[in-house]
Amino acid sequence: MPVGVQAPEASPGRYHRRRDDDDGNDCSDCSDVLGVDVLDEGADPFDIPAKRASVERLRRWRQAALVLNASRRFRYTLDLKKEEEKEQIRRKIRAHAQVIRAALLFKEAGQKHDVDRELPGLANLLKTNTEKGVHGDEVDLACRANAFGANRYPRKKGRSFLGIKEGWYDGASIAFAVFLVILVTAVSDYKQSLQFQHLNEEKQNIQVEVIRGGRRIEVSIFDIVVGDVVALKIGDQVPADGVLVSGHSLAIDESSMTGESKIVVKDHKSPFLMGGCKVADGYGTMLVTAVGLNTEWGLLMASISEDNNEETPLQVRLNGVATFIGIVGLSVAAMVLIVLVARYFTGHTTNPDGSIQFVKGQTSVKSTIFGTIKILTIAVTIVVVAVPEGLPLAVTLTLAYSMQKMMADKALVRRLSACETMGSATTICSDKTGTLTLNQMTIVRSVVGGIKLKSPADIENLSPVVSSLILEGIAQNSSGSVFEPEDGSPIEITGSPTEKAILSWGVELHMKFAEEKSKSSIIHVSPFNSEKKRAGVAVIVDASDIHVHWKGAAEIVLALCTNWLDVNGISHEMTPDKANQFKKYIEEMAEESLRCVAFAYRNLDLKYVPNEEERINWELPDNELALIGIVGMKDPCRPGVRNAVDLCKNAGVKVRMVTGDNLQTARAIALECGILTDSQASQPVIIEGKVFRAYSDAEREAVADQISVMGRSSPSDKLLLVKALKKKGNVVAVTGDGTNDAPALHEADIGLAMGIQGTEVAKESSDIIILDDNFASVVKVVRWGRSVYANIQKFIQFQLTVNVAALIINVVAAISSGNVPLNAVQLLWVNLIMDTLGALALATEPPTDQLMKRPPVGRKEPLVTNIMWRNLFIQAVFQVTVLLTLNFRGRDLLHLTQDTLDHANKVFNEFNSRKPYELNIFDGVSRNHLFLAVVSITVVLQLAPGFCWKVHTDNEGSTPTPPPPPPV
């Protein structure tokens, strides 16, 4: 016999038909009354007959077998509990029948009727014969059945395939919860994947300048076709494979294809260009010969995929928080496991009826194992409560949501980490042109031939020599172009804003671009870059005359001039007085916020020009220049930029202007934008790039925080400033558009490239691309960055409050009573479904102006602040108090025989988590439709199971009890 099973002294045997003639004083009399046989002593209780086995034998058989989850294993076999209930009902009915039978016998004995004489009369009334019976035909049988009914009685309907009434609640609930969580997670991942795919398409959708029909137009890189003539300039990406048509100092960075960081000069001896490479210097045109998968770059891109599974710093910190909480939960669970096991085996754990669960020497092995498994389940349940599964989902949702909304605010996120880091930015180093200003330049002042012109295009008093030189310099020393339609349509001018402004001025001077280009031929070009801040070109005129034209930053070009041309075209020496006069012109223009550009030239003897092979490395002479003229270009500030700067100041973010313009222009623009005040006009608040560059590292760190404007700066100066600010503990955001800005963009905590004027090299080095080149969009990125961090903090408070409350009530209940009030299904609901919906509601809170009234979040500031701990403690105490009261005193307070704890107060906690730092938690809630929708869905899902259970129990009914016996 198996261990733990005791043989009964007596057990009911098989059922058999009761006979009226049974008598005597043996066991058969008892069987006659009870309707069961008595098992003989010593009989084997495990000798199970094939039919009509006694309930007691079946029960002992099942107790002897070690079966995990017995209620499910024997789901489709005999329900012993129900059979016992049915047997009790049968016994009552039989007892009633015995009473009635005894009464009738007593009555018959008193009346002493002769049954034999009355029986024929009864048979006649029933129209039957005691010997032959009824007629037996179908009509007779049908009439008798209609009159007296059929000898049938209602039987319980069989169990249908879908009509299982018990045992399915836990499994179905868990399955539904898992399905819902999987569905929400899958939909979130799918939408995030689509978002990343859309962002990748936007990043790869480069605008390329092509020549079609004689005009230069911008098209998508995806619209390039074989045969297109593409214009290339410094910073561009080569859009496809092709052959060089013409170029000047064209140098290509082929490291993306060859893996070697070597700049390759392209000319007619090495004319082949590969798609995906970058233009490092110069400019030119190429003929497209292969596109798409027919290019080397296309084959490379088809074989690899861009990895977007970046783990951001905030995600790393959250993983650490989740791991710590998991360790705490595991430790608590281990402690509870030890306490419960000790309680169980020392006899301190009782059943609901008060009986002790474990008695040494009496409790069966199966019961002991089941009890231990129950304790282990409680410990595992506590671990499930402690682990915050919703945190990763919250981070994913808030980052995906923020990236989508930032796209609508003209910010394309290339790296996820930038979303959260931008919220911690303490300073923004911004360019001037195109970011703080509109980048719509027009020439409004001009000095030509040593005199101020009444209007920029007033050249009536200029000699043909001066006019010819100025137009030659405009047309040939330019990377832009002018298209004059033959049908008389308006002239189209392409190029950078500066080039367009100068070419427009040339058109006003009655310049015929194509005609002017044909008068001379370019033999060498020195392209513009931000280091030297000037561009030069050498042209040959009349087969022997060489003119070298320079244009660039006015004071830099002026410093290279030893002569100047008057209105008659006569060259004069640049005396100090005359140089000071020109400097005064420049200062006057700069004080009006004008960008100053100077034009100069020199003649060069043909013998000093190297041959074509040596010309590639030829440095154009920039000495002994003659100044032709100076122009002032107006670039107005962007509307709303002053408000954006003020918003940054209120948010604790210092805005610094880093520009290549001179100090006077930079100061004027800074005053107009609100970066400077009238009292801030001295060094080091406003400083020149070369001065800052000359400082030692320690000196640069000392003055870096004080700098508001840096003028005449080079990209290397910007990089030095970024490094100095970071060493001082700042979180630095930098804007850039040029190829040489790439190091500073890479070094900064957040690199912001300009989407319109930015080169592809700058965009590749950036974290976020500002699609409209607007500083106001930069400020919106700061708002979204702070929103990401704030939303994560909201959800952490919400999650930890729920987990702490659930952990405490489960631990207290487990130690005090040996049971947990929340079963596995309820915990799965709390930790997965509710947290999923909570993450969706809190992670999608839009940014508010209140976010920009707080100081930036420090690098080492904890995720859970003191205010959050305060809110968490108060809310957890409230929840624990209410739930423990309901758990231990719920029956008395609510007058219920059974009590299931729910978490309806979580909805209140969700509202409380919206505004961790504010008293009015309902402020702006009506504008967040998604939050209200999620809360409504949460309430519906919370109440629906209870409602369904109520309907189920109402329809289920109860087992009817037998009617009382009729009166005797």
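None of these values were measured; they are calculated from a predicted model.
- One finds the CG atom of N730 at 3.5 Å from the OG1 atom of T426 (value rounded to the nearest 0.5 Å).
- A salt bridge is defined here as a Lys NZ or Arg NE, NH1 or NH2 lying under 4.0 Å from an Asp or Glu carboxylate O, and R414 with E764 meets this definition.
- In summary, E587 and K584 do not engage in a salt bridge, as defined by a charged side-chain N under 4.0 Å from a carboxylate O.
- Once rounded to the nearest 0.5 Å, the distance linking CD1 of I687 with CZ of R656 reads 12.0 Å.
- R712 CZ to L663 CG: the interatomic distance, rounded to the nearest 0.5 Å, is 8.5 Å.
- Rounding to the nearest 0.5 Å places SG of C596 at 14.0 Å from NZ of K583.
- Classification of D635 and R595 as a salt-bridged pair fails, no side-chain N sitting under 4.0 Å from a carboxylate O.
- Between K266 and E254, at least one side-chain nitrogen of the basic residue sits less than 4.0 Å from a carboxylate oxygen of the acidic one, meeting the salt-bridge criterion.
- A salt bridge is absent between K278 and D236: the closest approach of a Lys/Arg side-chain nitrogen to an acidic carboxylate oxygen does not fall below 4.0 angstrom.
- The line from CD1 of I206 to CZ of F222 is 8.0 Å long, rounded to the nearest 0.5 Å.
- Among residues two or more places apart in sequence or in another chain, the side-chain hydrogen bond (donor to acceptor under 3.5 Å, both in side chains) test is passed with Q237 by none.
- Classification of E209 and R216 as a salt-bridged pair holds, one side-chain N sitting under 4.0 Å from a carboxylate O.
- Applying the salt bridge (charged side-chain N to carboxylate O under 4.0 Å, His left out) criterion to R693, with sequence neighbours excluded, gives D717.
- Between E492 and K500 there is no salt bridge, since no side-chain nitrogen of the basic residue lies less than 4.0 Å from a carboxylate oxygen of the acidic one.
- Between the side chain of S430 and the backbone N or O of M657, no donor-acceptor pair lies under 3.5 Å.
- Electrostatic pairing of D431 and K718 counts as a salt bridge here, judged by a charged N lying under 4.0 Å from a carboxylate O.
- Using a 4.0 Å cut-off between charged side-chain N and carboxylate O, E420 and R415 make no salt bridge.
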